[in-house]
Amino acid sequence: MDDQQKFYCYILTNNKRTLLYIGHSENLKRRIEEHKAGRRALFTKKYNVVELIYFEEFVTKKNKLKTEKNN
């Protein structure tokens, strides 16, 4: 079993694909569920940005943050 913590960078959009939201989490499934339920996600709740269109998995948080800043 892999003991390393995974980190995720993800992009959400609204149903018209006119807005993008870039986020990060250590638990992608839980975080997407929170967005869809409107919990802990004021921007995504306000603009209904809940459709996952992209995600990337990282082994280290440092790599994830570097990629997120460059996009």
Side-chain angles (χ1 to χ4, degrees):
M1 180 184 271
D2 186 9
D3 290 337
Q4 290 185 321
Q5 176 66 47
K6 304 285 188 199
F7 299 93
Y8 301 89
C9 182
Y10 59 92
I11 300 174
L12 302 176
T13 190
N14 58 350
N15 60 357
K16 293 182 180 183
R17 296 191 177 225
T18 57
L19 290 170
L20 295 176
Y21 175 87
I22 299 173
H24 56 87
S25 178
E26 294 177 6
N27 186 326
L28 183 62
K29 182 178 178 184
R30 184 202 76 232
R31 189 63 182 123
I32 299 304
E33 289 171 357
E34 289 173 346
H35 282 294
K36 289 183 177 187
R39 294 189 313 268
R40 300 182 53 218
L42 297 176
F43 178 87
T44 55
K45 182 178 180 179
K46 181 177 180 179
Y47 296 103
N48 197 31
V49 179
V50 295
E51 182 182 345
L52 180 66
I53 59 172
Y54 178 81
F55 74 92
E56 200 167 331
E57 182 180 278
F58 298 90
V59 177
T60 68
K61 199 172 202 176
K62 183 178 179 181
N63 289 346
K64 180 218 29 114
L65 292 172
K66 182 179 177 183
T67 298
E68 185 176 356
K69 287 181 180 181
N70 290 330
N71 290 321

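- How far CZ of R17 is from CG of L20: 9.5 Å, rounded to the nearest 0.5 Å.
- Counting heavy-atom neighbours within 6.0 Å of Y21 OH, excluding the residue itself, gives a total above 12.
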**Study point:** Derivation and outcome, side chain to side chain contact (heavy atoms under 4.5 Å, CB included), residues L12 and T44
**Key:** CA-CA 8 Å; L12 302 176; T44 55; 4.1 Å; yes

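- Checked against the 6.0 Å centroid threshold, Y10 and H35 count as a close aromatic pair.
- Taking both residues in full, the closest heavy atoms of K6 and V59 are given as NZ-CG2, 4.4 Å, listed atom of the first, atom of the second, then distance.
- Considering only residues two or more places apart in sequence or on other chains, K36 meets the side-chain contact (heavy atoms from CB on, under 4.5 Å) condition with I32, V50.
- At a threshold of 4.0 Å, the pair R39-E33 does not count as salt-bridged, since none of the basic side-chain nitrogens sits closer than that to a carboxylate oxygen.
- In this structure, SG on C9 lies 5.5 Å from CZ on F58, to the nearest 0.5 angstrom.
- Residue-environment remark: OH (Y47) stays at or below the threshold of 12 foreign heavy atoms within 6.0 Å.
- The shortest heavy-atom contact between E57 and Y8 is OE1-OH, 3.1 Å.
- Under the side-chain contact (heavy atoms from CB on, under 4.5 Å) criterion, R30 pairs with S25, N27, E34, R40, not counting sequence neighbours.
- The CD1 atom of I11 sits 5.0 Å away from atom CD1 of I22, with the distance rounded to the nearest 0.5 Å.
- Here N14 pairs with K16, T18, L19, V49 under the side-chain contact (heavy atoms from CB on, under 4.5 Å) rule; sequence neighbours left out.
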